[in-house]
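Okay, so here's the structure we're looking at.
Note that this is a predicted model, so its numbers are computed, not measured. Residues: numbered from 1 along the sequence shown.
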Amino acid sequence: MNDLVRDGCTKLIVVRDRDVRTERSIREELEKHPPPIAATVCIPVEELEAWFWCDPAVLRRVAPEHPNLKAHPNPHLIKSPKEKLEALSVDARKRPRYSPADNASLAETLGLDLCTAKCASFRHFREFVLAPSPLEARWHPPPR
């Protein structure tokens with residue numbers, strides 16, 4: 001972080017999948033090393049792939065043979081969202097078309113307003129990115 005600040009960075013974003021840990025334990029670990037500038041930590045409930053489940057357009061890209069897929073009403077509750085995307089994308093030869101390498105491309109399709117409305121972790125992330133100045137951005141402490 002200090003190297004980034006020396007190079008002129010004015011905001012830091014740490015995105016960390018929760019996986020099997022608790023959000024609180026991750027935040028407490030990160031709090032041991034507070035950033036030297038405005039920063040935020042974004043922890044999708046389990047994996048950032050959960051964000052893709054809020055947008056039917058993304059799901060259609062993952063599994064075009066299922067054109068009527070509906071968005072998940074609570075993407076943050078999906079267990080193993082990455083693995084579920086892989087299963088959804090299995091083709092006729094039983095091979096998944098989706099892989100995490102596709103995330104950048106899928107993120108370009110993701111409806112940001114949909115994701116903001118359905119995913120609190122994304123909402124905090126977006127607010128931080130869109131803050132007009134580093135002074136308005138803030139470090140999010142662990143939940144108490």
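- Without hydrogens or angle criteria, Asp55 side chain to Ala57 main chain gives a donor-acceptor distance under 3.5 Å.
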List the atom pairs, with distances to 0.1 Å, where a side-chain N or O of residues 62-70 and a protein N or O form a donor-acceptor pair under 3.5 Å, not counting sequence neighbours.
| from | atom 1 | to | atom 2 | distance (Å) |
| --- | --- | --- | --- | --- |
| Glu65 | OE1 | Arg97 | NH2 | 2.6 |
| Glu65 | OE2 | Arg97 | NH2 | 3.1 |

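- In this structure, OG1 in Thr22 is found 8.0 Å from CZ in Arg24, a value given to the nearest 0.5 Å.
- To the nearest 0.5 Å, atoms CZ (Phe52) and CG (Leu59) are separated by 10.0 Å.
- Between the CZ atom of Phe125 and the CG atom of Leu130 there is a distance of 9.5 Å, given to the nearest 0.5 Å.
- A distance of 11.5 Å separates CG of Leu112 from SG of Cys119, quoted to the nearest 0.5 Å.
- Using a 4.5 Å heavy-atom cutoff, the side chains of Glu86 and Arg95 are not in contact.
- No side-chain N or O of Thr109 forms a donor-acceptor pair with one of Arg60 less than 3.5 Å apart.
- The hydrophobic cluster containing Trp53 does not contain Leu77, counting ILVMFWY residues as joined when their side-chain heavy atoms lie under 4.5 angstrom apart, directly or transitively.
- Ionic pairing of Lys84 and Glu49 is not present here: no N-O contact between side-chain nitrogen and carboxylate oxygen is shorter than 4.0 angstrom.
- A donor-acceptor pair is defined here as one N or O able to donate and one able to accept, closer than 3.5 Å; such a pair exists between the side chain of Asp91 and the backbone of Arg93.
- Qualifying side chain to side chain donor-acceptor pair (under 3.5 Å) partners for Ser89, counting only residues two or more places apart in sequence or in other chains: none.
- Put simply, the side chain of Tyr98 does not reach to within 4.5 Å of the side chain of Val90, judged on heavy atoms.
- Atom SG of Cys9 sits about 11.0 Å away from atom CG of Asp3, to the nearest 0.5 Å.
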(request) Kindly indicate, with the supporting measurements, whether the criterion salt bridge (charged side-chain N to carboxylate O under 4.0 Å, His left out) is fulfilled by Arg27 and Glu23. (result) CA-CA 6 Å; Arg27 288 188 183 277; Glu23 180 174 345; 2.9 Å; yes
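- Rounding to the nearest 0.5 angstrom, the gap separating the CG atom in Leu85 from the CG atom in Asp102 is 9.5 Å.
- Taking all atoms of both residues into account, the shortest heavy-atom contact from Met1 to His33 is CE-O, 3.4 Å.
- Residues meeting the side-chain contact (heavy atoms from CB on, under 4.5 Å) test with Arg123, sequence neighbours left out: Thr116, Ala120, Glu127.
- Summarising the geometry of Lys11 relative to Val129, their closest heavy-atom pair is NZ-O, 3.3 Å, with the distance given to 0.1 Å.
- Inter-residue side-chain proximity for Cys54 and His72 is flagged as unmet; no heavy-atom pair is nearer than 4.5 Å.
- Lys82 places no side-chain N or O within donor-acceptor distance of the main-chain N or O of Glu47, the cut-off being under 3.5 Å.
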